[in-house]
Amino acid sequence: MAIHHSVQLMALASLALVAAVAPATTHLRFYMHDIVTAEAPRAATAVRVVRGLTPLPNDPSNRFGDMYTIDDALTEGPGAASPVIGRAQGFYLFASQTDAALLLSANLLFTAGKHNGSAIAVFARDAILDTVRELPVVGGTGAFRGAAGYGLLRTNTYNATTNNAVLQIDMYLQV
């Protein structure tokens with residue numbers, strides 16, 4: 001009986017130690033404003049730097065190989081007047097010949113609030129017509145140094161004429 005009690009105590013102590021060193025999950029929600037076509041008073045924040053050759057099926061404006069560099073605003077809410085908390089800086093390119101799927105590589109740099117000066121790095125496939133897309137976190141800086149986790153990306157608004165979009169991003173990070 002004493003051995004059984006000792007084993008239980010050791011198991012509880014091990015669980016407590018694992019819980020003490022396991023990183024807590026941090027949830028952040030913000031919005032990314034991808035402005036391909038300038039609309040007063042907003043300037044373009046996504047610029048096509050490479051024009052692909054092969055048109056995408058059912059998409060007259062985008063081509064396989066199109067590449068855009070981005071410096072998109074990150075805001076607290078979905079509205080254009082919402083406070084800016086950072087920038088999404090990087091690129092995306094149309095990486096599929098058969099569907100609307102991007103390769104997204106970006107640093108999500110925070111420029112305001114308690115995460116000011118910190119960044120989260122993502123590198124992901126973004127099937128832009130899917131309701132929810134997953135963004136793997138590949139690292140971070142500052143408060144997010146050594147971050148692991150993922151983001152869930154949802155299209156909040158999209159204008160097919162201008163290709164402008166507001167994306168909701170929910171990040172789940174372990175630091």
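The model shown is predicted, which means the values in this text are computed figures rather than measured ones.
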So which heavy atom on Thr162 is nearest to which on Asn159, and how close? N-OD1, 3.1 Å
Would you name the heavy atoms of Leu108 and Leu74 that are closest together and state the gap between them? CB-CD1, 4.1 Å
With rounding to the nearest 0.5 Å, note down the distance linking CZ in Arg48 to CZ in Phe94. 9.0 Å
Do Asp72 and Arg87 meet the salt-bridge criterion of a basic N to acidic O distance under 4.0 Å? no
Considering only heavy atoms from C-beta outward, does the side chain of Ser61 approach that of Asn163 to under 4.5 Å? yes
If you measure from CG on Leu102 to CZ on Arg133, what distance do you get to the nearest 0.5 Å? 8.5 Å
Spatial distance of atom OG (Ser96) from atom CD1 (Ile128) [nearest 0.5 Å]: 10.5 Å
Nearest 0.5 Å please: distance from the CG atom of Asp71 over to the CG atom of Asn107. 11.0 Å
Heavy-atom pair with the smallest gap, counting every atom of Glu76 and Ile85: CG-CG2, 3.5 Å
Counting only N and O atoms by type, is there a donor-acceptor contact under 3.5 Å from the side chain of Arg63 to the main-chain atoms of Leu53? yes
Hey, does Phe123 have a side-chain heavy atom less than 4.5 Å from the side chain of Leu103? yes
Quick check for you: to the nearest 0.5 Å, what is the distance between Gln168 atom CD and Arg29 atom CZ? 4.0 Å
Would you indicate whether Arg154, at its atom CZ, is surrounded by more than 12 heavy atoms from other residues, nucleotides or ligands within a distance under 6.0 Å? yes
Heavy-atom pair of closest approach, residues Met32 and Ala88: SD-CB, 3.8 Å
Tell me whether Leu135 shares a hydrophobic cluster with Val137, the cluster being built from Ile, Leu, Val, Met, Phe, Trp, Tyr side chains joined at under 4.5 Å. yes
Distance, nearest 0.5 Å, that separates CD of Gln89 from OG1 of Thr45: 11.0 Å
Which pair of non-hydrogen atoms, one from Ile70 and one from Ala46, has the smallest distance, and what is that distance? CG2-CB, 3.9 Å
With the side chain counted from C-beta on, respond yes when Gln174 and Thr26 share a heavy-atom pair under 4.5 Å apart, and no when they do not. no
Is the distance between the ring centroids of Tyr92 and Tyr68 less than 6.0 Å? yes
Where is the tightest heavy-atom contact between Pro57 and Gln97, given as atom of each residue plus distance? CD-O, 3.6 Å
Hydrophobic cluster membership, Leu153 vs Ile35, 4.5 Å side-chain cutoff: no
Would a distance-only check, ignoring hydrogens and angles, find a side-chain to backbone donor-acceptor pair under 3.5 Å from Asn164 to Thr37? yes
Short question: side chain of Ser118, backbone of Gly142 - any donor-acceptor pair under 3.5 Å? no
Contact between Leu167 and Tyr31 at the side-chain level, heavy atoms closer than 4.5 Å - yes or no? no
Should we say atom OH of Tyr158 is surrounded by more than 12 heavy atoms from elsewhere, each under 6.0 Å from it? yes
For the residue pair Phe30 and Phe110, does the interplanar ring angle fall in the parallel (under 30°), tilted (30 to 60°) or perpendicular (over 60°) class? perpendicular
Look at the side-chain heavy atoms of Ile, Leu, Val, Met, Phe, Trp and Tyr, link any pair under 4.5 Å apart, and say whether Val36 and Leu56 land in one connected group. yes
Tell me if a side-chain donor or acceptor on Thr155 pairs with a main-chain N or O of Thr157 at a distance below 3.5 Å. no
Taking Ala101's backbone N and O only, do any of them form a donor-acceptor pair with Asp99's side chain (distance below 3.5 Å, no angle check)? no
Any link between Phe91 and Val50 through a network of hydrophobic side chains (Ile, Leu, Val, Met, Phe, Trp, Tyr) touching at under 4.5 Å? yes
When hydrophobic residues are tied together by side-chain contacts of less than 4.5 Å, even through go-betweens, does Leu104 share a cluster with Val166? no
Report yes or no: does Asp170 contribute a side-chain atom to a donor-acceptor pair with the main-chain N or O of Leu152 at less than 3.5 Å? no
